[in-house]
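Atom set for the values below is all heavy atoms of this structure, side chains included, hydrogens, waters and symmetry mates excluded.
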Amino acid sequence: MCDEDSDSRKYCDSSSYQFVPDADREMAVQALQEFEQQNYEQSLSLLKKLISKRPKDSKVFHNYCVAEYYLSSCKKTDQFNKKIADLSKQAHIDIQSLESLDDIDNCVVLHNQSVALYHFHQYHSAIYILDKHISTKESTVLGRIYRNSIVAEIKNCNKSSQIDDKNENGMSEALRRKLQLCKARCYAMMKTSKACKKEIKNLLSSGSSIQNIPAFYLKSQLEYQRGNYRKALKLLNSVTLPDDVSKYFWETGDCLPAIFYNNVGCIHFYMGKPNLGHFYTKKALTEFESEIVKLCDLLDNKHSTLPLHLLNISIPHQLMYNIGVQYLQAKSFFKAFTFFVEVVKSYHSNPRLWLRIAECCIHINKQTVWMNMWNARRDLL
């Protein structure tokens with residue numbers, strides 16, 4: 001949330017500021033305190049009163065969106081994105097010209113947008129916003145961005161009594177690590193290995209073994225991209241998984257056993273062992289489906305109300321695509337075709353997928369034509 005007590009003036013439109021009465025400032029501070037204590041209903045109630053007094057204040061409206069989203073356990077993502085887009089227009093925030101930001105607290109709005117973009121796989125847009133509005137600000141401002149941001153991935157939406165230690169900038173260490181991990185993942189998806197390696201090094205320099213698991217996986221991915229398959233496999237095998245992987249999956253959205261088996265399968269595939277590859281990738285799919293069953297039981301099968309960090313449930317089709325490619329390389333064309341057709345449900349606009357399906361059809365049809373020609377020739381003889 002944006003700090004309401006940091007200045008005696010509040011932003012109202014593109015050209016004017018309005019003085020904040022002491023009563024409004026105290027109400028804003030109280031709303032922030034209730035939010036930090038995870039009393040989202042009380043915080044939202046106070047912000048409603050504040051909005052009635054300050055209907056054109058973009059910061060108050062932003063804080064209201066934040067509290068409302070957290071009250072829904074970060075499940076009403078579409079509604080939140082729409083309100084943030086309306087807020088950007090109200091505050092005259094243009095993503096294409098971020099250098100012209102006059103109000104520091106607008107960085108919080110942009111940061112929230114970048115995290116949402118990351119979860120929706122729009123990595124270039126996410127890293128663009130992060131680089132623009134974080135790298136150009138002072139470290140104290142960065143601390144405020146981390147502390148005030150609304151991120152379902154960074155802060156668990158379930159209520160918790162745990163309080164993180166903060167550094168000299170007022171920034172939670174856990175928040176800093178999570179955002180670093182988010183940025184490193186964006187670099188990995190963009191195949192920018194040098195920048196990704198720098199972020200991973202910073203992550204591994206601190207934190208416990210469980211906290212460093214995603215960083216080890218990313219480090220293994222970098223070695224995999226460089227073709228160092230044995231080193232990547234060694235890094236994967238050095239990771240010790242936590243005892244309660246289901247709890248980790250619910251809190252972070254990462255199914256560690258599925259990630260491990262999929263990575264091992266990909267490495268074996270590129271080592272020229274497609275049969276061993278699809279064996280491990282199938283294990284990854286089984287592990288992920290078992291975690292989803294547990295999650296659905298917990299949510300009473302309400303798939304439409306998943307928190308932000310669990311929206312990436314297209315993973316089964318990503319695993320199926322990997323299995324299809326491995327079957328194709330192993331010359332099991334019909335099995336590969338079966339998996340690719342299932343993947344079309346999620347990736348119908350992916351040209352590479354249709355190319356793989358065409359390959360399967362050609363090989364299957366080629367075998368059929370060859371058998372027909374062989375039978376015809378045998379009949380003639």
Quiz prompt | N-O pairing of E68 and K83 below 4.0 Å | solution = yes

Quiz prompt | Residue that, paired with F340, satisfies ring pair (Phe, Tyr, Trp, His ring centres under 6.0 Å) out of F333, Y321, Y327 | solution = Y321

Quiz prompt | Nearest heavy atoms of S246 and K294, plus distance in Å | solution = OG-NZ, 3.4 Å

Exercise. State, with a plain yes or no, whether a side-chain heavy atom of E359 is found less than 4.5 Å away from one of L355.
Key: yes

Exercise. Name the orientation class of the two ring planes belonging to Y224 and Y270 (parallel below 30°, tilted from 30 to 60°, perpendicular beyond 60°).
Key: perpendicular

Quiz item: What pair of heavy atoms forms the shortest contact from E342 to K345, and how long is it?
Solution: OE2-NZ, 2.9 Å

Quiz item: Which class fits the ring pair Y70 and F35: parallel under 30°, tilted 30 to 60°, perpendicular over 60°?
Solution: perpendicular

Exercise. Supply the atom-to-atom distance L32 CG to L47 CG, rounded to the nearest 0.5 angstrom.
Key: 9.0 Å

Quiz item: Heavy atoms, side chains only, cut-off 4.5 Å: are C360 and T338 in contact?
Solution: no

Practice problem: Look up atom CD1 in I200 and atom CG in L218, then write down how far apart they are to the nearest 0.5 Å. | Solution: 4.5 Å

Quiz item: If you measure from the Lys or Arg side-chain nitrogens to the Asp or Glu carboxylate oxygens, is any gap between D254 and R185 under 4.0 Å?
Solution: yes

Exercise. Check step by step if side chain to side chain contact (heavy atoms under 4.5 Å, CB included) holds for R230 and M271.
Key: CA-CA 9 Å; R230 295 190 181 279; M271 291 174 69; 3.9 Å; yes

Practice problem: Applying side chain to side chain contact (heavy atoms under 4.5 Å, CB included), run through V264 and F260 and close with a yes or a no. | Solution: CA-CA 6 Å; V264 171; F260 173 80; 3.9 Å; yes

Quiz item: Can you name the closest pair of heavy atoms from E287 and A258 and give their distance?
Solution: CB-N, 4.2 Å

Quiz prompt | Side-chain donor/acceptor of S332 to backbone N/O of L328, under 3.5 Å | solution = no

Practice problem: With the side chain counted from C-beta on, respond yes when I315 and C255 share a heavy-atom pair under 4.5 Å apart, and no when they do not. | Solution: no

Exercise. Starting at CH2 of W354, measure out to OH of Y347 and round the result to the nearest 0.5 Å.
Key: 15.0 Å

Quiz item: Checking side chain to side chain contact (heavy atoms under 4.5 Å, CB included) for the pair K234/E223: CA distance, chi angles, key distance, verdict?
Solution: CA-CA 10 Å; K234 184 178 179 180; E223 297 299 333; over 6 Å; no

Quiz prompt | Non-hydrogen side-chain atoms of C266 and N322 separated by less than 4.5 Å | solution = yes

Quiz item: Are S193 and Q225 close enough that a side-chain donor and a side-chain acceptor fall under 3.5 Å?
Solution: no

Exercise. Specify the closest pair of heavy atoms between Q329 and F269, including all atoms of both residues, with the distance to one decimal.
Key: CB-CE1, 3.5 Å

Self-check item: Distance-minimising heavy-atom pair for S52 and P55
Solution: O-CD, 4.1 Å

Quiz item: Are the side chains of F279 and N275 in touch, meaning some heavy atoms are under 4.5 Å apart?
Solution: no

Quiz prompt | Heavy-atom check, side chain of I357 versus side chain of L353, under 4.5 Å | solution = yes

Exercise. Evaluate whether atom OH of Y217 has more than 12 neighbouring non-hydrogen atoms of other residues, nucleotides or ligands under 6.0 angstrom away.
Key: yes

Practice problem: Would you name the heavy atoms of N262 and A284 that are closest together and state the gap between them? | Solution: N-CB, 3.5 Å

Quiz item: Are Q221 and N263 side-chain neighbours, meaning at least one heavy-atom pair lies under 4.5 Å?
Solution: no

Quiz item: Are the side chain of T286 and the backbone N or O of K282 linked by a donor-acceptor pair below 3.5 Å?
Solution: yes

Self-check item: Any donor-acceptor N/O pair, Q326 side chain to H278 backbone, under 3.5 Å
Solution: yes

Quiz item: Out of curiosity, E26 CD to Q30 CD, how far, rounded to the nearest 0.5 Å?
Solution: 9.0 Å

Practice problem: To the nearest 0.5 angstrom, please state how far the CG atom of N350 sits from the CZ atom of R356. | Solution: 10.0 Å

Quiz item: Would you call K183 and L203 a side-chain contact if the rule is heavy atoms closer than 4.5 Å?
Solution: no

Quiz item: So Q33 and N39, side chain to side chain contact (heavy atoms under 4.5 Å, CB included) or not? Walk me through it.
Solution: CA-CA 9 Å; Q33 291 173 347; N39 299 325; over 6 Å; no

Quiz prompt | Interatomic spacing from CG in L222 to NZ in K231 - rounded to 0.5 Å | solution = 10.5 Å

Quiz item: Do other residues, nucleotides or ligands put more than 12 heavy atoms under 6.0 Å from F216 CZ?
Solution: no

Exercise. Hey, can you tell me if F249 and F288 have their rings parallel, tilted or perpendicular (30° and 60° cut-offs)?
Key: perpendicular

Quiz prompt | Short side-chain to backbone donor-acceptor contact, S346 and H317, under 3.5 Å | solution = no

Quiz item: Can you tell me if CG on D244 sees more than 12 non-hydrogen neighbours from other groups inside 6.0 Å?
Solution: yes

